[in-house]
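Being a predicted model, the structure only gives us computed values, none of them experimental. Labels below follow one simple rule: chain letters A, B, ... track the order of the sequence lines, proteins then strands, and each chain is numbered from 1.
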Amino acid sequence: MGSSYAHPFLSATIFFPKSPNLQLPSSSSPPRYHSLRSRFCFHSSFQSPAQPSPTLTTNNYNHLIQSLCKQGNLNHALKLFSHELNPTQHTYESLILACSRQNTKSFALAIDGRLAADGFYNDPFLCTKLINMYSHFGSLESARKVFDGTPEKTIFVWNALLKTLVMAEKGDEALSLFSEMAHNGVPFDSFSYSFALKACLASSPPAPALLGQIHNHVIRAGFVSRVHVVTTLVDCYAKIGNVVSARTVFDEMPHKNVVSWSAMIACYAKNGRHFAALEIFREMNMMRDPEIIPNSVTMISVIQACAGLAALNLGKVVHGYVLRRALNTIVSVMNALISLYAKCGRLDLGQQIFDKMIYIVPRNVVSWNSMISGFGIHGFAKESIRIFEKMIGAGISPSPITFVGLLGACSHGGLIDEGRRLFDSMHKEHNLLPQSEHYACMVDLLGRAGQLDEAAKLIEEMKIEPGQTVWGSLLGACRIHGNIELAERACSHLFALEPWNAGNYILLADIYAEAKLCEEVRRVKNLLEERGLHKLQGCSWIEVRKRLYSFVSVDELNPQIEQVHALLTELVKQAKEIGYVPNTKFVLCDLEHEEKEKIVMGHSEKLALAFGLISSEKIDVIRITKNLRLCEDCHELTKIISKYMNRKILVRDVNRFHHFSDGFCSCMDYW
DNA sequence: GTAGGGTTAG
């Protein structure tokens, strides 16, 4: 083509005769109406081609328009299009695809207008493409209009609208379309089922029962042998937290591929079943099937599982595998690794990846967010803000998650005014509307700092409905500051929004226990029992020589448990001599002081700490992870031990890291 | 001609 790229109109006449596809539409093509009204009329910036030939009746730019579309030269393609009397199906297809690719919605509407006027709505192929295009733009009404205007609705047309509604999170509308299909006797294909299954998750409220019903339909229609459909099923069950059903469906799959395995690994990783995720990853590799090789998506879930366990050494092995497979060229894998190291207490290694990755792959907003949140969970709020400012300086627009990380960092670091300023800047400077999660961060920030009334006022002023995270943050703050009245108010919402969450009942009971309101404690405990809920058992674990050792409060399985108890008893004895007094204020009433102390002494994090002291070298940092919030008594004792034993101790609890050294904790007792 | 799994937070 040579210089013709720069001058498509001049060259049009040159290429026209050479074009191999200049047939007139075949007789089976939809009817055309070449009235003046149907002539394409674009935005005024479209001028006529340099040398249009108004007298040409056999005008045919189709081939050229198509190649211009392929080159991404939509402007020129559209100019030619306005002079093309007989656009073919292929020309329309090229234009529609080019519009989607280039996100040019105004052009799309113009193409649609002419397509309708030319009678191409009779062509279900093009209507499918149009619906997909509007789906891409998020223009639901336009997509629906095309659908309604399509007389011959093939399964492609129905599926295209189904997909559009699902992608736009309009689950209810998608499900009613699905019913309409059934009512009209449209024979569903595997695609219809995949979309309908996803629609169950997007409906409000999500419809787990309906998911089961559509699953039954899938079985009856004989689609359980279709990998795509069953993988969708695994994923849907995973996303509603039904791990058992996901696994059952997965086990029954006649053919599994890397995507189905990855979906199952992701299911475990996302639902907190980290060990199970790693175990099934091992199983996948044991298959030794040359077709089933872990890819970047698989590895991201595996990395997440390692991060969930804070399994630093295992994470390093996985990192090695990533390098050997050259998956370090994938930005999402690198982002997951940054987060892994941050969650394993090795921010330095995360920072190293962040610094060096630019030589291999460009960073994206998630890379920055990972660093911001990483510093945040370690309590280094100022570092978080510094990275954020660097990110803005680099011209990266922050996402809503950036602010979740930043505000969380301010909360952990006690930077109240900075937090307020950043929250205000969301809308003013970054055009982001604060969501429920952001309000939850602010409530946490203000609440922790003891400004409970201001936190409550912020909730009252919210323009959106406060979600469970908002009330949960308020309840957490009430526990720290012992505010019964506000706690009860928060619980009245939480018990309605998430009646199954035992954690809320426990927090309320703790607040009553501290105030010595034993009758109220009993009432809440009864409520918990009536609803068949159980307190999540505290569990702490520690990695020693590449093995993970976990502890629960009553632990007789560990072979070294007697040694652990003996050391702990000795440590507590010595700590008491230098003024340590066990803190039992949150142990639920009705027990003698000795009993209460015994309960506190059996806490899993103390057992893990004693085990760490026995099993590690003096120079090692002791790294402990706990599945709940670190208890105040354990926090106090760990501070004393860090000084007394001259050890560095790093504890990750459910919210953040605590760096203990020389009798102090990095959280400054503010967590 | 359409489709399945993934990164950051809570």
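Across the protein-nucleic acid pair, A/I292 atom CD1 and B/dG5 atom P stand 17 Å apart, rounded to whole Å. The CE atom of A/M391 sits 11 Å away from the C1' atom of B/dT8 (whole-angstrom rounding).
Applying the ring-ring contact (aromatic ring centres under 6.0 Å, His included) test to every pair with at least one member in residues 392-415 of chain A, sequence neighbours left out, gives these pairs: A/F388-A/F403, A/F403-A/H430. The salt bridge (Lys or Arg N to Asp or Glu O under 4.0 Å) pairs that include a residue from residues 269-285 of chain A are A/R247-A/E283, A/E279-A/R282, where partners are two or more places apart or lie in different chains.
A/K256 comes within 4.0 angstrom of no nucleic acid atom, judged by non-hydrogen atoms across all strands. Counting non-hydrogen atoms under 4.0 angstrom, A/V258 reaches a base of the nucleic acid. Within 4.0 Å (heavy atoms only), A/S473 reaches no atom of the nucleic acid at all.
Of the candidates B/dA3, B/dT7, B/dG4, the closest approach to any side-chain atom of A/V227 belongs to B/dG4. Residue A/A266 places its side chain closer to B/dG6 than to any other of B/dG10, B/dT7, B/dG6. The side chain of A/V259 lies closest to B/dG4 when the candidates are B/dT8, B/dG1, B/dG4. Nearest to the side chain of A/N295, among B/dG5, B/dA3, B/dT7, sits B/dG5.
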For residues 146-153 of chain A, run the donor-acceptor check on the side chains, cut-off 3.5 Å, and write out each pair with its distance to 0.1 Å, sequence neighbours left out.
| unit_1 | atom_1 | unit_2 | atom_2 | d |
| --- | --- | --- | --- | --- |
| A/T150 | OG1 | A/V146 | O | 2.6 |
| A/K153 | NZ | A/F147 | O | 3.3 |
| A/K153 | NZ | A/T150 | O | 3.0 |

Solution key, residues 496-505 of chain A side-chain donor-acceptor pairs under 3.5 Å, sequence neighbours excluded:
| unit_1 | atom_1 | unit_2 | atom_2 | d |
| --- | --- | --- | --- | --- |
| A/E498 | OE2 | A/N501 | ND2 | 3.3 |
| A/E498 | OE2 | A/N504 | ND2 | 2.9 |
| A/N501 | OD1 | A/G503 | N | 2.9 |
| A/Y505 | OH | A/P499 | O | 2.8 |
| A/Y505 | OH | A/R531 | NH1 | 2.5 |

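Between A/E383 and A/R386, at least one side-chain nitrogen of the basic residue sits less than 4.0 Å from a carboxylate oxygen of the acidic one, meeting the salt-bridge criterion. In summary, A/D444 and A/R448 engage in a salt bridge, as defined by a charged side-chain N under 4.0 Å from a carboxylate O.
Residues of residues 368-389 of chain A having a heavy atom closer than 4.0 Å to DNA chain B, listed by number: A/N369, A/S370, A/S373. The stretch residues 157-164 of chain A touches DNA chain B through A/N159, A/K163, each having a heavy atom under 4.0 angstrom from the strand. DNA chain B is contacted by A/H228, A/T231, A/T232, A/D235, A/K239 of residues 228-245 of chain A, taking any non-hydrogen atom closer than 4.0 Å. Residues from residues 337-345 of chain A lying near DNA chain B, meaning a heavy-atom separation below 4.0 Å, are A/S339, A/K343 in numerical order.
Side-chain N/O atoms of A/S194 and base N/O atoms of B/dG4 include no donor-acceptor pair closer than 3.5 Å. The base of B/dG5 sits within donor-acceptor range of the side chain of A/S262, with an N or O pair under 3.5 Å. Put simply, the side chain of A/S332 and the base of B/dG6 share a donor and an acceptor less than 3.5 Å apart. If you check distances only, the side chain of A/N257 does reach the base of B/dG4 with a donor-acceptor pair under 3.5 Å.
Aromatic pair A/H319/A/Y341: centroids less than 6.0 angstrom apart. For A/W368 and A/F354, the ring centers sit closer than 6.0 Å to each other.
Residues satisfying the side-chain contact (heavy atoms from CB on, under 4.5 Å) criterion with A/N132, sequence neighbours excluded, are A/T128, A/A160. The side-chain contact (heavy atoms from CB on, under 4.5 Å) check on A/A108 picks up A/C99, A/M133, A/F137, with sequence neighbours excluded. When the side-chain contact (heavy atoms from CB on, under 4.5 Å) test is applied to A/L536, the partners found at least two apart in sequence or on another chain are A/N627, A/L628. Applying the side-chain contact (heavy atoms from CB on, under 4.5 Å) rule to A/N285 yields the partners A/F281, A/P294; only residues at least two apart in sequence or on another chain are considered.
Between A/F380 and A/H378, the ring-plane angle classifies as parallel under the 30° and 60° cut-offs.
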